[in-house]
A.B. asks: 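Following this message is one structure expressed as structure tokens.
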Amino acid sequence: MSNSLSTKKSLACSLKKLMRKTELNKISVKSIVDDCKVNRQTFYYHFIDIYDLLEWIYKTEAIESISECKSYETWTEGFYKIFVYIENNREFCINSLNSLGRNHLDNYIYSVTNDLIIGVINEISEGMIVEDSDKQFIADFYTVAFTGLVVKWMHNGMREKPKEIIEKLSELIEGNFLRALERYSKKENCS
């Protein structure tokens, strides 16, 4: 592992550790570098501010774990991994949700979900004539629905088991991607 990556990971660990007990809005760069035992310049060499570090954490820790789950056969596994990441990083994610850093959490959930869904849509639509804008509209619709579901689950104390949510979601969505794509394909063929 490169020295730069090692330093970034150390800073990320310090922020996550501090967020277990302190609201994100009350954490300073000084508290992170003191915990990490580096100087302020080191922090600013790697990140613009704490929110930049927060975004880096979401991008590197969570997105990599679902990169293999972008097919029709594996999309539910990808969604499950999103829930598990949030469960395993409960304090960190809840703290993000309840702070000015919420947009980083929302962006994380939105981007990984949209990436999964567009992968599935592209796979299912192979051989169909469907505009990319229509595919993206379908993906955006389901992404917003899923993102809302995750945020509601977090606000409700994360009581429901992720497996149960994924089973309900799978049953609800089963076949809907294909039906929507077929409708858009027919629309294109009629033009």
A.B. asks: Can you tell if the side chain of Glu61 reaches within under 4.5 Å of the side chain of Asn89, non-hydrogen atoms only?
C.D. replies: yes
A.B. asks: Please check if atom NZ in Lys16 has more than 12 non-hydrogen atoms from other residues, nucleotides or ligands closer than 6.0 Å.
C.D. replies: yes
A.B. asks: Below 4.5 Å, heavy atoms only, C-beta onward: do Tyr142 and Ile138 meet side chain to side chain?
C.D. replies: yes
A.B. asks: For Ile32 and Leu11, what are the C-alpha separation, side-chain angles and deciding distance, and is it a side-chain contact (heavy atoms from CB on, under 4.5 Å)?
C.D. replies: CA-CA 7 Å; Ile32 295 169; Leu11 292 166; 3.9 Å; yes
A.B. asks: Taking atom NZ of Lys26 and atom CD of Glu23, what is their separation to the nearest 0.5 Å?
C.D. replies: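 Answer rounded to 0.5 Å: 4.5 Å.
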A.B. asks: In Å, rounded to the nearest 0.5 Å, how long is the span from NZ of Lys9 to OG of Ser14?
C.D. replies: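 It is 14.0 Å, given to the nearest 0.5 Å.
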A.B. asks: Does a side chain donor of either Ser31 or Asp34 reach within less than 3.5 Å of an acceptor in the other side chain?
C.D. replies: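 Checked: Ser31/Asp34 side chains show no N/O donor-acceptor pair below 3.5 Å.
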A.B. asks: For the residue pair Pro162 and Trp153, what are the closest heavy atoms and their distance?
C.D. replies: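 Reported closest heavy-atom pair: CG-CZ2, 4.1 Å.
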A.B. asks: Is there a side-chain contact between Lys37 and Ser10 in this structure, where contact means two heavy atoms from C-beta onward sitting under 4.5 Å apart?
C.D. replies: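 Not touching, per the 4.5 Å side-chain cut-off.
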A.B. asks: Please examine the side chains of Ser111 and Asn107, heavy atoms only from C-beta on, and report whether any two atoms are closer than 4.5 Å.
C.D. replies: no
A.B. asks: Is there a path of hydrophobic side-chain contacts, each under 4.5 Å between heavy atoms of I, L, V, M, F, W or Y residues, that connects Ile118 with Leu149?
C.D. replies: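 Result: no, two separate clusters.
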A.B. asks: Determine the minimum heavy-atom distance between Ile109 and Thr113, stating which atoms define it.
C.D. replies: O-OG1, 2.7 Å
A.B. asks: Let me see the working for His155 and Leu97 under side-chain contact (heavy atoms from CB on, under 4.5 Å), right down to the final yes or no.
C.D. replies: CA-CA 9 Å; His155 276 298; Leu97 181 67; 3.9 Å; yes
A.B. asks: In Å, rounded to the nearest 0.5 Å, how long is the span from CD of Glu73 to CD of Glu123?
C.D. replies: 7.0 Å
A.B. asks: Does Val112 share a hydrophobic cluster with Phe141, counting links as ILVMFWY side-chain heavy atoms below 4.5 Å and allowing steps through other members?
C.D. replies: yes
A.B. asks: Could you state the interatomic distance from CG (Asp115) to OG1 (Thr143), rounded to the nearest 0.5 Å?
C.D. replies: 9.5 Å
A.B. asks: Ile57 vs Tyr108, test: side-chain contact (heavy atoms from CB on, under 4.5 Å). Steps then yes/no.
C.D. replies: CA-CA 10 Å; Ile57 292 169; Tyr108 152 69; over 6 Å; no
A.B. asks: Applying the 4.5 Å side-chain criterion to the ILVMFWY set and letting contacts propagate, would Ile166 and Leu116 be lumped into a single cluster?
C.D. replies: yes
A.B. asks: Can you check side-chain contact (heavy atoms from CB on, under 4.5 Å) on Glu91 and Met19, steps first, answer last?
C.D. replies: CA-CA 7 Å; Glu91 294 93 357; Met19 285 177 70; over 6 Å; no
A.B. asks: Considering the options Ile117, Asp140, Ile124, Asn122, which one meets the side-chain contact (heavy atoms from CB on, under 4.5 Å) requirement together with Lys135?
C.D. replies: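 That would be Asn122; it is the only one of Ile117, Asp140, Ile124, Asn122 passing the side-chain contact (heavy atoms from CB on, under 4.5 Å) with Lys135.
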A.B. asks: Does NZ or CZ of Lys163 come closer than 6.0 Å to the centre of the six-membered ring of Tyr80, within 45° of the ring's axis?
C.D. replies: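 Because its charged atom sits under 6.0 Å from the ring centre and within 45° of the axis, Lys163 does stack over Tyr80.
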A.B. asks: Tell me, do Glu55 and Phe47 make a side-chain contact under 4.5 Å, heavy atoms counted?
C.D. replies: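 The answer is no, as the side chains (C-beta and beyond) never meet within the 4.5 Å cut-off.
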A.B. asks: Regarding Thr7 and Tyr45, do their side chains bring together a donor and an acceptor under 3.5 Å, going by distance alone?
C.D. replies: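 No donor-acceptor contact under 3.5 Å links the two side chains.
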A.B. asks: Do the side chains of Ile94 and Tyr110 join up, straight or via other hydrophobic residues, at under 4.5 Å, putting them in one cluster?
C.D. replies: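 No; tracing contacts between hydrophobic side chains, which count when under 4.5 Å, never links both residues.
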A.B. asks: List the atom of Ala139, the atom of Ile121, and the distance in Å for their closest heavy-atom pair.
C.D. replies: N-CD1, 3.6 Å
A.B. asks: So, do Cys93 and Tyr58 sit near enough that their side-chain heavy atoms are less than 4.5 Å apart?
C.D. replies: yes
A.B. asks: Which heavy atom of Lys30 sits nearest to which heavy atom of Arg40, and what is that distance?
C.D. replies: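 Minimum heavy-atom separation between Lys30 and Arg40: N-NH1, 3.6 Å.
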A.B. asks: Taking NZ, NE, NH1 and NH2 as the nitrogens, is one of them in Lys81 or Glu77 under 4.0 Å from a carboxylate oxygen of the other?
C.D. replies: yes
A.B. asks: Please determine whether residues Val84 and Phe92 belong to a single hydrophobic cluster, defined as Ile, Leu, Val, Met, Phe, Trp and Tyr linked transitively by side-chain heavy-atom distances below 4.5 Å.
C.D. replies: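 Linked within one cluster.
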A.B. asks: Between atom CG of Leu54 and atom OG of Ser99, what is the distance when rounded to the nearest 0.5 Å?
C.D. replies: 7.0 Å
A.B. asks: Taking Asn95 for its side chain and Thr22 for its backbone only, find out whether a donor-acceptor pair lies under 3.5 Å.
C.D. replies: yes
A.B. asks: Is there side-chain contact between Asp132 and Gln136, with heavy atoms separated by less than 4.5 Å?
C.D. replies: no
A.B. asks: Is the shortest side-chain heavy-atom distance between Val29 and Asp49 below 4.5 Å?
C.D. replies: no
A.B. asks: To the closest 0.5 Å, what do you measure between NE2 (His46) and CG (Leu53)?
C.D. replies: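 Answer for the NE2-CG pair, His46 versus Leu53, is 11.0 Å.
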A.B. asks: Partners of Phe146 by ring pair (Phe, Tyr, Trp, His ring centres under 6.0 Å), sequence neighbours excluded?
C.D. replies: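 Phe146 satisfies ring pair (Phe, Tyr, Trp, His ring centres under 6.0 Å) with Phe79, Phe83 once adjacent residues are dropped.
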